[in-house]
Number of protein chains: 2
Amino acid sequence: MAKVSFREQVLRAREDAIVSSVNRLLAEKGFDLMTVDEVAADVGIAKASLYKHFTSKEELAAAAMIRILERALAFLEERATQSAEAPAIEQLKAVARWTMQVQLAGEMPSLPAQNSSLRAALTTNKAYIDRLMEVSDRLGSWITAAQEAGALNPALPPEVILYTLFARACDPVLGLLKLTGQYSDEQIIDLLLGTCFDGLAKR
Amino acid sequence: MAKVSFREQVLRAREDAIVSSVNRLLAEKGFDLMTVDEVAADVGIAKASLYKHFTSKEELAAAAMIRILERALAFLEERATQSAEAPAIEQLKAVARWTMQVQLAGEMPSLPAQNSSLRAALTTNKAYIDRLMEVSDRLGSWITAAQEAGALNPALPPEVILYTLFARACDPVLGLLKLTGQYSDEQIIDLLLGTCFDGLAKR
DNA sequence: GTCTATATCAAGATAGAC
DNA sequence: GTCTATCTTGATATAGAC
């Protein structure tokens, strides 16, 4: 009994290591340029062993997306409890800040929106869809609350705001600014939080 | 003499057709998923003939980028002459609107920022770099002018604004909103122009 | 479940005739 | 310069031994 549990723990740990590698490689090179050989080499196991855990490259990517969504959910949960009194707009800014921090840390997997085999794998992956909906729901309630509180522009359809927040989580502008070497990570985040919520125009 | 000129015209027309196909396919599927076979089939010539005109897939992409940059330059030139009296902020909004229209028309080639062989080909392509700098310079002068006029946030470094405008030209939010089918193209553009310049927060 | 070795195939690029 | 046919490579995925 204990033996089986231990085996499962080892299995989990290995799969965890795989997903970590995939996550980092997806953040670095993107789905199309990431190869399964690379993943296997990075984890330190044979490619065939990888395929015992995950049946395809798309499944690997889906696992990484599920992990990042779960990290996001954990963050949302923490904010909802420990900072429950904070106004909705501050919750949303905190989330946006968190996504930018993840991206600057090289831990935000970025998938091409166009790849159809990948899209098919994701849209039929219940675990992924469930978490995506959960994140969307939680953000959605903060969005409408912030609009009602007069903090977010009420003329914007909530889904426009939601999509925009998702998009800013993988905004290429972060990478461009980091490349210039002129700004610290915190400066970059503050600048982009500003352009996102306050716009380019003077207030 | 006339014969040579005619031949060259035919050649140009063919290359133009090639670049048009590449441009559309890049907008549809992106660089990694676009295949040279596809391009050849779309143009209606053999793949080997393609390689007589362009020496690599990267060169094809570069040609498409050069074309879109030249279209952008033509637009900038037109605004600078025919609407020379318009305030800089309006010029910038007009440019942003134009890029979104191009994107919604399925004519905005989108290249992955991560592909290194492509990056190498682009950064060593003088024609591409020249046009990119030209576009950046023209936008840059409008940006500083708009900041001095108090229309754009003067606390933002100009390059942050420049990068943001470039990024919005291929913002995935446009495609997401179009997918919902709830908005007309003009509505989408107005919404995103609003979030870009005025931000998500209420003014 | 892990490995080595290999099948399979798609895609970039080229040879050589016309 | 265009074509057909082919080369070559790299990457997903699998077979089969242990």
Side-chain angles (χ1 to χ4, degrees), chain A residues 3-19 21-22 25-26 28-64 111-112 114-122 125, chain B residues 3-19 21-22 25-26 28-64 111-112 114-122 125:
Chain A
K3 218 171 181 180
V4 170
S5 169
F6 176 70
R7 270 198 183 171
E8 282 212 356
Q9 260 191 339
V10 171
L11 204 69
R12 286 281 169 112
R14 169 138 300 179
E15 295 198 345
D16 206 61
I18 294 173
V19 177
S21 285
V22 170
L25 289 170
L26 280 182
E28 265 178 34
K29 333 181 58 170
F31 181 78
D32 294 318
L33 270 63
M34 178 189 80
T35 72
V36 179
D37 291 83
E38 242 172 351
V39 177
D42 194 66
V43 179
I45 63 176
K47 185 164 51 167
S49 306
L50 251 190
Y51 278 97
K52 297 284 183 181
H53 293 277
F54 300 91
T55 64
S56 69
K57 184 184 177 183
E58 283 77 14
E59 283 298 311
L60 282 174
L111 303 183
Q114 296 142 328
N115 189 321
S116 55
S117 75
L118 180 57
R119 278 198 78 80
L122 286 179
N125 188 317
Chain B
K3 219 172 180 180
V4 170
S5 169
F6 176 71
R7 271 198 182 170
E8 282 211 356
Q9 259 190 340
V10 171
L11 204 68
R12 287 281 168 110
R14 170 138 297 180
E15 295 198 344
D16 206 62
I18 294 173
V19 177
S21 285
V22 171
L25 289 170
L26 280 181
E28 265 178 34
K29 335 181 58 170
F31 180 78
D32 294 318
L33 270 64
M34 178 189 81
T35 71
V36 179
D37 291 82
E38 242 173 350
V39 176
D42 194 66
V43 179
I45 63 176
K47 183 163 55 167
S49 304
L50 251 190
Y51 277 97
K52 297 286 181 178
H53 292 277
F54 299 92
T55 63
S56 71
K57 186 184 178 184
E58 284 78 12
E59 284 297 310
L60 283 174
L111 303 184
Q114 297 143 326
N115 188 320
S116 55
S117 75
L118 181 57
R119 277 198 79 81
L122 286 179
N125 188 317

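Values in this document were obtained by computation on a predicted structure and should not be read as measured data. Lettering of chains follows the sequences in order, A, B, ..., and the numbering in each one begins at 1.
Atom CG of Asp32(A) and atom P of dG12(C) are 12 Å apart (whole Å). Atom OH of Tyr51(B) is separated from atom P of dC3(D) by 15 Å (rounded to the nearest Å). Between the CG atom of Asn115(A) and the C1' atom of dT12(D) there is a distance of 13 Å, rounded to whole Å. Taking atom CZ of residue Phe6(B) and atom P of nucleotide dG1(D), one finds them 14 Å apart after rounding to whole Å. Atom CG in Leu11(B) sits about 8 Å away from atom C1' in dG1(D), given to the nearest Å. A straight line from CZ of Phe31(A) to P of dT12(D) spans 8 Å, rounded to a whole angstrom. Rounded to whole Å, the distance from CG on Leu50(B) to P on dA11(C) is 15 Å. For the pair Ile45(A) CD1 and dT2(C) P, the interatomic distance rounds to 6 Å; values are reported in whole Å.
Where Leu33(A) and His53(B) meet DNA chain D, the nucleotide closest to each residue was compared, and His53(B) sits on the side nearer the 5' end. Along DNA chain D, the nucleotide nearest Ala48(A) and the nucleotide nearest Asp37(A) are compared for position; the residue whose nucleotide lies closer to the 5' end is Asp37(A).
Applying the salt bridge (Lys or Arg N to Asp or Glu O under 4.0 Å) rule to pairs touching residues 28-40 of chain B yields Arg24(B)-Glu28(B), Lys29(B)-Glu38(B), Asp37(B)-Lys47(B), sequence neighbours excluded.
Looking only at side-chain heavy atoms (C-beta outward), Leu111(B) and Arg119(B) stay at 4.5 Å or farther from each other. For the pair His53(A) and Leu60(A), the minimum side-chain heavy-atom distance is 4.5 Å or more.
The side chain of Arg7(B) contributes no N or O atom lying less than 4.0 Å from OP1 or OP2 of dG1(D). Of the side-chain N and O atoms in Ser49(A), none sit less than 4.0 angstrom from OP1 or OP2 of dG1(C).
Judged by distance alone, with hydrogens and angles left aside, the side-chain atoms of Lys57(B) form a donor-acceptor pair with the main-chain N or O of Phe31(B) at under 3.5 Å.
Within 4.0 Å of Thr55(B), counting heavy atoms only, lies no atom of the nucleic acid at all. Looking at heavy-atom distances under 4.0 Å, Lys52(A) makes contact with a base.
To the nearest 0.5 Å, atoms CG (Leu25(B)) and CG (Leu33(B)) are separated by 11.0 Å. For the atom pair Asp16(A) CG and Ser21(A) OG, the distance stands at 10.0 Å (nearest 0.5 Å).
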For nucleotides 6-8 of chain D, which of its nitrogen or oxygen atoms have a protein nitrogen or oxygen under 3.5 Å away, and what is each distance?
none

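Of all heavy-atom pairs between Ala61(B) and Leu118(B), the closest is CB-CD1, 4.0 Å.
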